[in-house]
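The next block holds one structure in the form of structure tokens; read it before the comments.
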Amino acid sequence: KMSSGAADLRQRKKQNCTESDKMAPEERNKENSKLGRSPKYMLIQRFAKLFFGCLAAVTSGMMYAVYLSTYHERKFWFSSRQELEREITFQGDSAIYYSFYKELLKAPSFERGVYELTHNNKTISLKTINAVQQMTLYPELIASVLYQASGSEEVIEPVYFYIGIVFGLQGIYVTALFVTSWVMSGTWLAGMLTVAWFIINRTDTTRIDYSIPSRENWALPYFACQVAALTGYLKKNLNCSAEKFCYLLVNASTYTFMMMWEYSHYLLFVQAVSLFLLDSFALAQTEKVHEVYRIYLFSVIVGYLLQFENSALLVSPLLSLVVALMLSKSLQMNMKKSTFVSRLLKIMYIYLVLTVAVTLNFLLKMFIPHKENGHLLKFIEAKLGLNTTKNFTMNWLLCQESLQAPSQDFFLRLTQSSLLPFYILVLIICLFSVTQVIFRRICGEPLKETVKLEDGRIGERPEIVYHVIHTILLGCLAMCLEGMKYLWTPYVCMLAAFGVCSPELWMTLFKWLRLKAVHPILLALILSMAVPTIIGFSLWKEFFPRIMTELTELQEFYDPDTVELMTWIKRQAPVAAVFAGSPQLMGVIKLCTGWMVSSLPLYNDDDLLKRNENIYQIYSKRSAEDIYKILTSYKANFLVIEDSICNEVGPVRGCRVKDLLDIANGHVVCEEGDNYAYSKYGRFCHEIKMNYSPYVNYFTRVYWNRSYFVYRINTVISFQS
């Protein structure tokens with residue numbers, strides 16, 4: 001029965017595909033004959049529209065990539081810097097990613113380089129890690145292979161090749177957003193407006209300015225391609241060749257996205273929830289939605305195998321939801337449509353899926369050993385106010401700007417560029433239209449096979465409904481965490497641009513207003529051209545001079561103290577030395593010198609989080625003996641103290657590193673609403689600079705400048721008065 005049912009389903013899909021292929025030309029020919037146009041004329045017109053649209057999309061992507069490259073050069077003076085000075089521009093986790101790329105290029109062979117990364121014991125003291133799995137280094141593997149296979153060693157320096165790939169991917173990102181808006185609105189004018197808004201709001205659409213090698217800069221372009229392909233795949237009356245192309249592109253981009261970013265399955269989970277709601281209200285073809293579910297399932301399996309049996313994927317909410325959806329749907333399909341149980345299941349479908357998904361996820365976490373993301377649950381509890389903690393790591397995460405609620409400046413910037421007002425307008429119209437369609441479906445009214453312009457029913461188009469749900473879900477996340485704005489704002493640009501350029505959206509509005517003085521179709525066509533043109537000219541006038549000023553203005557990024565520190569380490573420190581200090585600085589030391597470090601700025605490993613907290617104690621009020629024991633337990637030979645952390649004057653009191661350490665160590669006393677730090681020891685980073693006992697017994701200063709103080713950790717303790 002199941003096999004025959006599946007065969008029938010495939011047969012129906014083939015029939016529908018064939019029928020749509022046959023019907024589409026017939027309908028077009030009828031319309032052309034009514035308008036007095038020959039099929040040849042229409043074919044040339046369609047080809048010209050497609051050609052110029054694709055040309056505009058590709059040109060937009062290329063120009064954005066060139067813009068990023070030029071801006072980066074102006075900001076850092078990259079071409080005039082020495083290699084060490086260039087590498088210092090990579091900060092925090094970015095430095096670690098690029099350091100492994102360098103190691104791959106230095107390896108005698110690619111295979112040897114991969115082996116050394118998967119069995120890495122030269123980065124963190126007393127710890128062997130699989131860096132490819134733990135840090136998702138597939139982008140670096142691909143970049144190193146391309147660099148060596150293309151023979152680029154004699155043509156371009158490794159750093160330029162690396163950042164060039166990232167900038168090229170950002171160009172693809174913009175092109176994908178262009179195409180998505182174009183497919184939804186039917187005009188590439190919407191794509192141009194999307195790109196304009198994206199670039200103008202670059203502060204809130206991308207992190208490329210601050211962290212070039214970050215995983216999302218590698219991954220999100222593939223997700224944008226997947227969304228563009230999914231938008232086309234969900235469209236009604238799509239011919240067979242276009243549907244197959246979109247399906248294959250959804251497959252390829254989903255698999256690639258899964259491999260590029262360790263948190264990709266969470267974003268795919270949000271997308272799966274959007275498709276689930278779309279299917280629950282019967283607003284899309286169920287067969288297509290379930291094909292996408294199968295792609296998710298296969299992507300998780302492939303990701304699990306290629307990421308060295310990553311158990312985090314098996315306990316991910318994405319896998320639980322997809323399996324629950326498939327089980328619930330198969331249960332519905334096996335029921336006779338006329339039975340009472342079948343009707344009851346349709347009503348209880350959403351509740352059934354959620355119950356099965358939560359239960360399955362709970363069972364998987366019980367039986368599958370996993371260590372990842374335990375701290376994530378604690379963070380969510382603390383963020384929601386369900387739990388208070390003195391833990392340094394949790395409080396440090398809560399203090400990060402990206403994990404705070406978005407500031408008023410964020411909304412002000414979106415409003416000044418006119419993006420937010422038009423997004424809200426488009427969202428309200430689409431939401432009301434979707435609500436009307438859902439109400440009609442509940443009343444038993446079927447959806448129209450083809451929605452015409454004069455119908456004014458934009459809420460019946462499944463790809464539009466999907467994007468409305470998707471942006472609302474991403475928007476809810478962005479309202480909680482400012483870092484999520486980089487996922488939400490690009491699709492705000494796309495949806496707003498689609499709306500103002502879509503005659504169907506204006507027609508939907510005019511249907512509600514019941515315009516009689518002016519022909520609504522004519523007015524909708526005029527506004528769909530006039531409104532984006534006016535927006536475009538106003539944006540050009542106000543923001544184009546600012547963008548040109550950014551490109552012509554020479555900025556200076558120079559950190560002589562860090563350059564001097566790295567130079568000293570490379571010249572004076574023993575090759576086998578291990579350095580201890582803040583995780584962010586350790587990432588830069590690892591990249592610029594290659595020396596082993598005691599900690600790294602990674603937050604997906606409990607052991608590394610504990611290490612970071614312990615080594616941060618050098619900025620706490622602990623004794624010299626305590627700090628010495630901590631550092632020697634990690635076999636550290638040198639300690640680097642940063643004056644910027646020791647004397648930090650943060651904008652928010654209580655979020656400085658030393659404040660968080662005082663809270664965690666119980667060195668804070670509350671009196672009459674004020675907090676006072678108290679300990680019988682002075683702050684270590686201050687006291688060690690005084691060069692008196694017992695600090696000189698454990699540590700010997702070997703180098704210092706305005707920003708850094710380097711101490712050798714004595715192996716033989718000399719007690720002197």
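Not measured: the values here are computed from a predicted model. The analysis underlying the following values was restricted to heavy atoms, covering all of them including side chains, and did not include hydrogens, waters or symmetry mates.
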- Message: Tell me whether Thr175 contacts the main-chain N or O of Ala57 through its side chain, where contact means a donor paired with an acceptor under 3.5 Å.
- Response: yes
- Do the ring centers of Tyr266 and Phe269 come within less than 6.0 Å of each other? no
- Task: Take atom CE of Met135 as the centre, draw a 6.0 Å sphere, and report whether it contains more than 12 heavy atoms from other residues, nucleotides or ligands.
- Result: yes
- Message: Once salt bridge (Lys or Arg N to Asp or Glu O under 4.0 Å) is applied, what residue pairs with a partner in residues 194-215 remain, sequence neighbours excluded?
- Response: Glu140-Arg215, Arg202-Asp209, Arg202-Glu550, Asp204-Arg413, Asp204-Lys485, Arg207-Glu216
- Residues forming a side-chain hydrogen bond (donor to acceptor under 3.5 Å, both in side chains) with Thr194, sequence neighbours excluded: Ser181
- Message: Quick check on Phe308: does its CZ atom have over 12 non-hydrogen neighbours (other residues, nucleotides or ligands) under 6.0 Å away?
- Response: yes
- Message: Main chain of Tyr486, side chain of Thr489: is a donor-acceptor contact present, judged purely on distance under 3.5 Å?
- Response: no
- Item | Partners meeting disulfide (SG to SG under 2.5 Å) with Cys246 (sequence neighbours left out) | none
- Task: Tell me, please, which residues at least two apart from Thr231 pass side-chain hydrogen bond (donor to acceptor under 3.5 Å, both in side chains).
- Result: His467
- Item | Partner set under side-chain contact (heavy atoms from CB on, under 4.5 Å) for Ile428, not counting sequence neighbours | Ile424, Phe432
- From the list Tyr162, Phe257, Tyr173, Tyr97, ring-ring contact (aromatic ring centres under 6.0 Å, His included) partner of Trp218 resolves to Tyr162
- Heavy-atom count around Phe298 CZ within 6.0 Å, excluding the residue itself: above 12? no
- Message: By the side-chain hydrogen bond (donor to acceptor under 3.5 Å, both in side chains) test, which pairs, at least two apart or in different chains, include something from residues 394-411?
- Response: none
- Query: Rounded to the nearest 0.5 Å, how far does OG1 of Thr59 lie from CZ of Phe178?
  - Reply: 8.5 Å
- With sequence neighbours excluded, residues passing side-chain contact (heavy atoms from CB on, under 4.5 Å) with Ala242: Leu238, Asn239
- Message: Using a 6.0 Å cut-off, check whether atom CH2 of Trp188 has over 12 heavy atoms from anything other than its own residue.
- Response: no
- Message: For Leu306, give me all partners under side-chain contact (heavy atoms from CB on, under 4.5 Å), at least two apart in sequence or on another chain.
- Response: Tyr138, Met259, Val302
- Item | Neighbour count above 12 (heavy atom, 6.0 Å) for Met63 CE | no
- Task: Please collect all side-chain hydrogen bond (donor to acceptor under 3.5 Å, both in side chains) contacts where either partner lies in residues 246-258, sequence neighbours excluded, each pair once.
- Result: Gln226-Thr254, Tyr247-Glu291, Asn251-Tyr255
- The salt bridge (Lys or Arg N to Asp or Glu O under 4.0 Å) partners of Glu613 (sequence neighbours excluded) come to none
- Query: Thr393: what forms a side-chain hydrogen bond (donor to acceptor under 3.5 Å, both in side chains) with it, not counting sequence neighbours?
  - Reply: none
- Message: List the residues meeting side-chain contact (heavy atoms from CB on, under 4.5 Å) with Ser316, not counting sequence neighbours, and say none if there are none.
- Response: His265, Leu318, Leu319
